[in-house]
Amino acid sequence: MKSVTVIGLGPMGSAMAGAYLRDGYDVTVWNRTPARADELVARGARRAESVEAALTANELVVLSLTDYDAMDAILAQAPESALAGRTLANLTSDTPDRARRAAAWLAERGAVQITGGVQVPPPAIGTPDAMTYYSGPEDAVEAHRAALEVLTGIDYLGADHGLAALYYQIGIDMFWTALLGYLHGQAVAEANGISAEDFLPRAVKTMDLRYFLEFYAPRIAAGHHEGDVDRISMGVASLEHVLRTTRASGVDDSLPAAALEIFRRGVSAGHGQDSLTSLVGVLKRS
């Protein structure tokens with residue numbers, strides 16, 4: 001019978017355990033707060049009474065935790081022998097270096113780590129377009145491909161355990177920055193009597209950056225930062241207008257002020273007449 005253990009039953013881990021149950025898996029679950037497992041147990045999951053029992057119940061163990069500190073604290077509750085022969089699909093968020101160190105630590109104890117970075121929120125687990133970055137031993141990913149694909153599709157990046165964590169953190173960097181931009185814009189909108197519902201279609205159109213990404217990526221790769229389409233000096237003027245509008249609306253100006261400061265640093269570095277893509281170099285040297 002198909003079987004898996006899921007450790008960590010926050011919104012993401014619970015969604016994953018639920019997806020396995022729907023797919024007919026024998027699912028063992030463990031969480032630091034046992035009551036978090038009640039609903040899943042009612043649906044047919046097995047509640048492990050200890051971390052050791054959770055680890056030894058199945059070859060494949062899916063970890064969905066806040067960070068690697070939480071993982072270390074949880075795994076410390078079991079004897080190291082419980083890790084031998086296990087494959088841990090570690091879908092916990094942390095830095096690339098932590099992912100590499102954890103994989104090495106687990107390998108010393110006879111376990112294999114598959115590092116993962118889930119690219120969708122919990123409600124999208126098990127849906128057709130969901131995707132997860134994976135890195136680590138390719139043979140381990142292939143051995144458990146069917147089980148991993150119950151959750152999401154697989155974007156395999158290579159053997160380096162840090163790659164999945166790196167790609168994930170880059171994506172999260174972009175995600176939070178973009179959403180903060182939306183929230184700041186909406187704060188200005190509401191300060192001027194424009195509701196979120198009214199602004200929604202304009203926000204969706206504004207946040208669709210695909211054209212710009214596809215236009216700029218080849219230029220960045222080629223080091224082509226000529227200001228033939230846009231210039232940092234133009235961005236400075238534009239952001240100054242945003243800043244004044246924000247202040248006149250009585251809204252916190254720290255976010256556009258930070259963006260303006262980066263553009264001004266580009267001008268100070270001699271890129272005033274270059275494209276905003278030249279800011280990649282400014283940011284790398286910061």
Side-chain angles (χ1 to χ4, degrees), residues 2 4-25 27 29-31 36-37 39-40 43 45 60-68 70-71 87-96 98-99 102 113-136 138 140-142 144-158 160-183 186 196 200 203-214 217:
K2 300 179 294 185
V4 66
T5 290
V6 178
I7 293 179
L9 299 176
M12 183 64 79
S14 294
M16 291 175 175
Y20 282 123
L21 287 171
R22 289 193 301 274
D23 205 63
Y25 275 69
V27 182
V29 295
W30 185 91
N31 193 72
R36 288 272 186 89
E39 181 182 351
L40 291 164
R43 293 167 57 189
L60 178 62
V61 179
V62 175
L63 299 177
S64 179
L65 304 167
T66 303
D67 53 31
Y68 279 39
M71 180 195 73
T87 297
L88 277 68
N90 196 349
L91 307 182
T92 301
S93 173
D94 217 309
T95 66
R98 288 298 299 272
Q113 175 170 292
I114 300 172
T115 308
V118 183
Q119 300 177 56
V120 295
I125 292 297
T127 61
D129 294 331
M131 192 65 65
T132 296
Y133 295 127
Y134 284 104
S135 62
E138 187 172 9
V141 173
E142 291 304 319
H144 296 286
R145 174 175 285 276
L148 297 176
E149 288 182 336
V150 170
L151 306 178
T152 72
I154 294 172
D155 186 353
Y156 180 69
L157 301 172
D160 178 359
H161 282 282
L163 284 175
L166 176 61
Y167 274 64
Y168 177 78
Q169 298 305 342
I170 292 169
I172 290 297
D173 178 4
M174 297 168 64
F175 175 78
W176 288 129
T177 303
L179 279 187
L180 276 175
Y182 162 65
L183 294 176
Q186 187 56 50
L200 176 59
V204 169
K205 185 175 181 179
T206 300
M207 295 294 289
D208 182 2
L209 300 177
R210 179 169 183 166
Y211 167 84
F212 297 98
L213 299 182
E214 291 180 344

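Fair warning: this is a prediction, and the values are worked out from it, not measured in the lab.
- Residues Val61 and Leu88 are in side-chain contact: their nearest non-hydrogen atoms beyond the backbone lie under 4.5 Å apart.
- Exactly one residue among Ile114, Leu91, Thr92, Thr5 makes a side-chain contact (heavy atoms from CB on, under 4.5 Å) with Leu63. That residue is Thr92.
- Under the rule for a ring-ring contact (aromatic ring centres under 6.0 Å, His included), the partners of Tyr167 that lie at least two apart in sequence or sit in another chain are Tyr133.
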Can I get a per-line list of side-chain donor-acceptor pairs under 3.5 Å for residues 11-24, giving both atom names and the distance, sequence neighbours left out?
residue, atom, partner, partner atom, Å
Ser14, OG, Leu9, O, 3.0
Ser14, OG, Gly10, O, 3.0
Tyr20, OH, Ala147, O, 2.9
Asp23, OD2, Lys2, NZ, 3.2

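- One distance of note links OG of Ser93 with CG of Asp67; it measures 8.0 Å at 0.5 Å rounding.
- Applying the side-chain hydrogen bond (donor to acceptor under 3.5 Å, both in side chains) criterion to Glu149, with sequence neighbours excluded, gives Arg145.
- Between Val141 and Ile154, the closest side-chain pair of non-hydrogen atoms falls below 4.5 Å.
- Of all non-hydrogen atoms in Ala102 and Tyr68, the two that sit nearest each other are CB-CE2, 3.5 Å.
- Heavy atoms only, all atoms of each residue included: Ala130 and Ala124 are closest at CB-O, 3.5 Å.
- Here CE of Met207 is found 6.0 Å from CG of Leu179. Values are rounded to the nearest 0.5 Å.
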Derivation of the side-chain contact (heavy atoms from CB on, under 4.5 Å) call for Asn90 and Thr115: CA-CA 5 Å; Asn90 196 349; Thr115 308; 5.5 Å; no
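- For Ser135, the side-chain hydrogen bond (donor to acceptor under 3.5 Å, both in side chains) criterion is met by no residue, not counting sequence neighbours.
- A distance of 12.0 Å separates CG in Asp173 from OH in Tyr168, rounded to the nearest 0.5 Å.
- Residues Val118 and Ile125 form a side-chain contact, since some pair of their non-hydrogen atoms from C-beta on lies under 4.5 Å apart.
- For Asp160, the side-chain hydrogen bond (donor to acceptor under 3.5 Å, both in side chains) criterion is met by Arg100, not counting sequence neighbours.
- In terms of modelled atom types and a separation under 3.5 Å, the side chain of Gln169 and the main chain of Asp94 share a donor-acceptor contact.
- For the atom pair CG of Leu157 and NE2 of His161, the computed distance is 12.5 Å after rounding to the nearest 0.5 Å.
- In this structure, Thr152 OG1 and Asp129 CG are separated by 11.5 Å, a value rounded to the nearest 0.5 Å.
- In this structure, the side chain of Gln113 engages the main chain of Ala99 through a donor-acceptor pair within 3.5 Å.
- Val4 has its side chain out of reach of Val150: every pair of non-hydrogen atoms, C-beta onward, lies at least 4.5 Å apart.
- Pairs of residues two or more places apart, or lying in two chains, that qualify as side chain to side chain donor-acceptor pair (under 3.5 Å) and include a residue from residues 203-212 are Arg210-Glu214.
- Residue Met174 places its CE atom among 12 or fewer non-hydrogen atoms of other residues, nucleotides or ligands, all under 6.0 Å distant.
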